[in-house]
Each structure stands twice: as C-alpha cells, then as structure tokens.
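Order of appearance sets the numbers: ligands from 1, and atoms from 1 within every ligand.
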Amino acid sequence: MTDVLRILEIDLTKKEATIVQRPDLAHWLGGTGLALALFAETEGPELPIGDPGQPIVFAIGPMTFVYPVVTKTVAVFRSPLTGEYGESHAGGRLAMALRHCDLSALVIKGEAEGPLWLEINNGHVSFKNAEPLWGTGCSHTGRRLRDLTQGRSFRSIIRIGPAGENKVAFAGVNVDTFRHFGRLGLGACFGYKKLKGIVVTGDLDNSAVDLPKYRKVYNRLYQKTVRTDLMKKYHDLGTAVNVLPLNAMKALPTLNMQSGSFAEAEAISGEKFAENHLIRKLACSGCPIGCIHIALLRQEFASGHEYVSSEVAYDYELIFALGSYLGISSPSEILALIDTCEQSGLDVIASGIVAGWATEASVNGLINPNELKIELSFGEVKGYRQLFEYISRPQTTLHRDMGRGVRFLGEKYGGAEYAMHVAGNEMPGYFTGYGYLLGVGAGARHSHLDNGGYAFDQEMQGDNDNLLVEKIIAEDQRRGMLTSLCICLFARKIYDDDDIVDALGALGYHWNTAALSNLGEQIFKQKHLIRQRMGITGDLPDFPRRFFETECLLGKLDAQRMQDIWNLWLEKTGF
Ligand code: SF4
C-alpha cells in the first residue's frame, strides 16, 4: 500500500495554506473514506452550522483519472439543510485538476474577512479578492475566473451563485460546465465562509504505475465500459430514460406528490427531450461514456424576434422536480426553470420540492400573498421562475424562509403533511415503496444514491422485508467503498471487486477483496458515528403523511410496516 496522501489545508481566516502528508490515513484509500476521516478529526460534527471552524473537505482517490469513469470528487461537510452529515459528489474536471496538483484532499477552514476566491496551482494557494464577483450568477463568475486563469493546463473552476452567497440551505456549488455539488447545501457552506469560488490548475505528473499490468487492466475495464451494454443507457437517452417506466409504476412524483403518475409524462419523456431538444452529449474528464445531455434553450428577450440561446443540461431528477412535480409538461419550460436554478446556484431537486409545497400552501391560505409577491399555480412556469429568483435573492421573510428548505416551511407555516422531505432533505424522484423510504431515511446523507433502496422495491416487489433491509445495508457498504475510489456510481456494474484489486495492484496498492469489503463496513460505521456526534438519534424519520396516502409501485404504504422495517434496520446495524 502506498503511503503518499498529500492533504492541502487552507485557513481562510489567516490566509494560510500548508500541505501535510498523512500516511496514517492510507487505509481509507480516498474519496468518501478519506474525506470522512479528515472531517471526523475536526470539531465539525459538534460545531453549529456557519461556525468558522466547520471544515469543507474535498477528496479524490488513487484511481482518479487513471481508469475509465473514475471521475468524482467527494465533498464532506455538515449540511446546512439537514443539520446532519453532508456528502456530495461532482464530476466535471475537478478530480483531474486535483490529481495534477498531486493532492489527495483539500480541507478548508475559517472564514474570510471579505469575499474571496482561491487559486490553487500545483498545490500553491493564492487568496484573491472576489468583491467584484459577489452577487453575480454562476455563468458570469465561471467566465470571469476562466479569463483570470488563462493558459493553465488541467483546470477546473467551481463557484457559487447568489443562492450560496445568501446562505440558502440548499444552494449548490457549480463545477465547470453542467456539473454540480448539488445536494445538501455545500453552496451555503461556501457562503458562510465568503468563498465565491476555487480554480484548481495543475500539470504535475504523479503517476507511478506498473505499465504492462496497468495497460492490461485498463484495456479490460475500457472494453467492459464501451463494448458492453452495462452503461449504454446512460449515453443513449441518459437517466431521462426513466421518466416513462417510473410513471408506469406510479413512482414519478407528480403535483407535489399528490400522485405517482403524470398524465402528460409522454411529453416530458427522455425520448421527447432527445428528439426535439438534445444537441450534444458531454463527459466528465476521464469518462468514455458521456451521459451529460445538453439541450438548446431559445428564449425571447424582447419583441421584434429577439432571442437568446443557451445550453442547458438535463437528466431525470431535473425533469421530475421541475416537470411532473410542478405540473409542467413543456420541455422548453422545464429547461428554462433548470437554467434559472443553474444561474442562481440552487439545487434543482430541492427548488422543485419547495415550489410544490409553496403552490399548495398558497392555495390553502397558509402563506401571505404580499410576502410571496407572485402567484403560483401548477403548470404555470412564470411564477416558478420568479420564485427561484426570490429564493436566491430574497426580498421578504417568506422568501428567506423558503431558502431554509421544505421541512422548515412545513413546521413554521403548516402543511407539514405535504412538505415532502426525508429527514430534512427534499425527496428524490423514485417513490417506489418501503425500500425507497428506508434507503433515503437510513442513508447517512438521505440521498437515493446512498444505497439505491428504490431499486430493491422494483426487484423484490415488497415480498421480503428482512431481505430488503439486508440488501440495502450491503449496497450502502459497497457504495461507500466505490465512492472511496471515486468511481462514478453509474459505473458500479463495471467495477467488480476483482477488477478493483487488479486496478489498485497495477498502481502499487496491495488490496484484496476482503479488505475492500471491510473498508465498506468501516465507512458505513464511521458515517453513523459522525451522525451520533451531531446528536442524531436512530429514530424513524418523521415522514410527511403524504408518503402514506399516495399510491406508489407497492400500493399505499403502511406506516406500521414502515416502522417494523426501520426496527429491523436498527437491529441489524446496531445504531
Ligand atoms: S457516466 Fe456521466 S456522470 Fe458518470 S463520469 Fe461519465 S459523464 Fe460523468
């Protein structure tokens, strides 16, 4: 096992940076495991949200940019949205740029006196004034940072928009073009620190490989990636292919979860987006697949046939959150809403869920129209566009409250039964049954990606709760191992454990399959220990009542059965 882990520690208060070597953390490999370990050794789990001592940790892994589809950078932080463990993954070019700085991780602490951005070049940090950029949208900021760092090789630009600056609890961080640390509010963590963005550039060559062995393993994995059907759907229609099948199984959240199917699903299907709007497909650096689907959005900005065109990335989650969830059946209108969130730096899923609650709450007279300042109605795009502007640049207390997430809104204004979150995180779009609720509820970051519990509802059709719990735990542990290697989860079927052992072996890391599985178990435990340090108990999350009223793939869910399944999970995990 190699012991070269180089961690760049940055203190924004003191404007100081140091690189430290941490051979003692090599058993965590990288990614999730390493970021988690670095986060755990700080006071972050105990400190309140917004405390300057709260760290933001980014980590990559030993296979990053060396093997196909190993593209992700993992961020770990305390979530301003849930108050719990925050973990978010982004593709794009960031992992590649960090690799070319010869860094395994960044740990950012402190709070800047005034807005700044960081330039990290080959591991050297410059602290730059971001005053002129403060208040600008994500695209403008990205272009400006690109101009200011022209001529550098292997570059990645990450930044926040007004939503992050205004500490919207579900603000994201935009990564290069079309990628994000979207969920759980990393953008607000940047905002608290007055950190507008980071540009990472590097041209160091840090590869130390057994070349003949590496070529052999690489070719095998490459062939598996591009010559089999394992990843075909991601390139073809992308995850948008899920719209129609999920609609057919009543798992497509619609009209603020009043239904699991959308009468106009056909119009917003992946097929329709591809036929009428898709212009190209892109890939994260180091990925031969290219699942990023880009559509052309043409908008009239003045009379006299004056149009502006922009490119907008779409996928299933965005289509559900701003489409069926809000009753919008026009792909162009969905693209326009995505674009608004993109420029403001808002997480699209959370934005859609908040907008769904606000629509019903306004009809039910729970919120003051003078505070809302707009009219909201399912299917009407104009109000939603303005709403997202107001959330990212609030003008009233209600707008500011909307930036605290749907759980807060339900508790303060009422309508908690249709404020659709799981433990404070706005619901993801696969409402299949008990596996979905357990997977998102028990997953340490309350994401459908923690363990893909919804897939087991589809596979098992609710016929064995004991097995369901076991499968979700095993998958959670396996995903912890995969994301410690920073493998994109879309490639989880490409990399079996033997492949990973070989791939690591060619790079000088001597692991075996038992050690990999032990790593997954340790990460699983560590995440839950961190949650305990944050004061989170093992109680069943307070699921909004609508989860048990709206029919899904498994019919109407029963609250008592859900509690029994939860108890099984507690029994098996010991948390
Ligand atoms: S499959 Fe998609 S998200 Fe995953 S690495 Fe490739 S382009 Fe990026």
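Proximity of H235 to ligand 1 is not established, as no heavy-atom distance is less than 4.0 Å. At a 4.0 Å cut-off, at least one heavy atom of C284 sits close enough to ligand 1 to count as contact.
Protein heavy atom nearest atom 4 (Fe) of ligand 1, with residue, atom name and distance: C488 SG, 2.4 Å. For atom 5 (S) of ligand 1, the closest non-hydrogen atom of the protein is T71 OG1, 3.1 Å. Scanning the protein for heavy atoms near atom 6 (Fe) of ligand 1, the closest one is C287 SG, 2.3 Å.
Look at E87 and K527 and you find a salt bridge, because one of the NZ, NE, NH1 or NH2 atoms lies within 4.0 Å of a carboxylate O, short of that distance.
Atoms of ligand 1 lying under 4.0 Å from any heavy atom of V69, numbered from 1 in the order shown and given with element: 5 (S). Close approach of ligand 1 to A283 is summarised as follows: ligand atoms under 4.0 Å from at least one heavy atom of the residue are 7 (S). When each atom of ligand 1 is checked for a heavy atom of K72 under 4.0 Å away, the hits are 3 (S). Shown in contact with R179 at under 4.0 Å from a heavy atom are these atoms of ligand 1, numbered in order with element: 3 (S).
Both the backbone and the side chain of C291 come within 4.0 Å of ligand 1, judged by heavy-atom distances.
Taking the six-membered ring wherever Trp is involved, the centroid distance between the rings of Y436 and F456 does not fall below 6.0 Å. The six-membered or imidazole ring of F77 lies away from that of F39, with a centre-to-centre distance of 6.0 Å or more. Taking the six-membered ring for Trp, Y495 and Y67 have ring centres at least 6.0 Å apart.
Side chain to side chain, T149 and E119 fail the donor-acceptor criterion of an N or O pair below 3.5 Å. Between the side chains of H180 and E342, at least one donor N or O sits under 3.5 Å from an acceptor N or O. A donor-acceptor contact closer than 3.5 angstrom links the side chains of H448 and E317.
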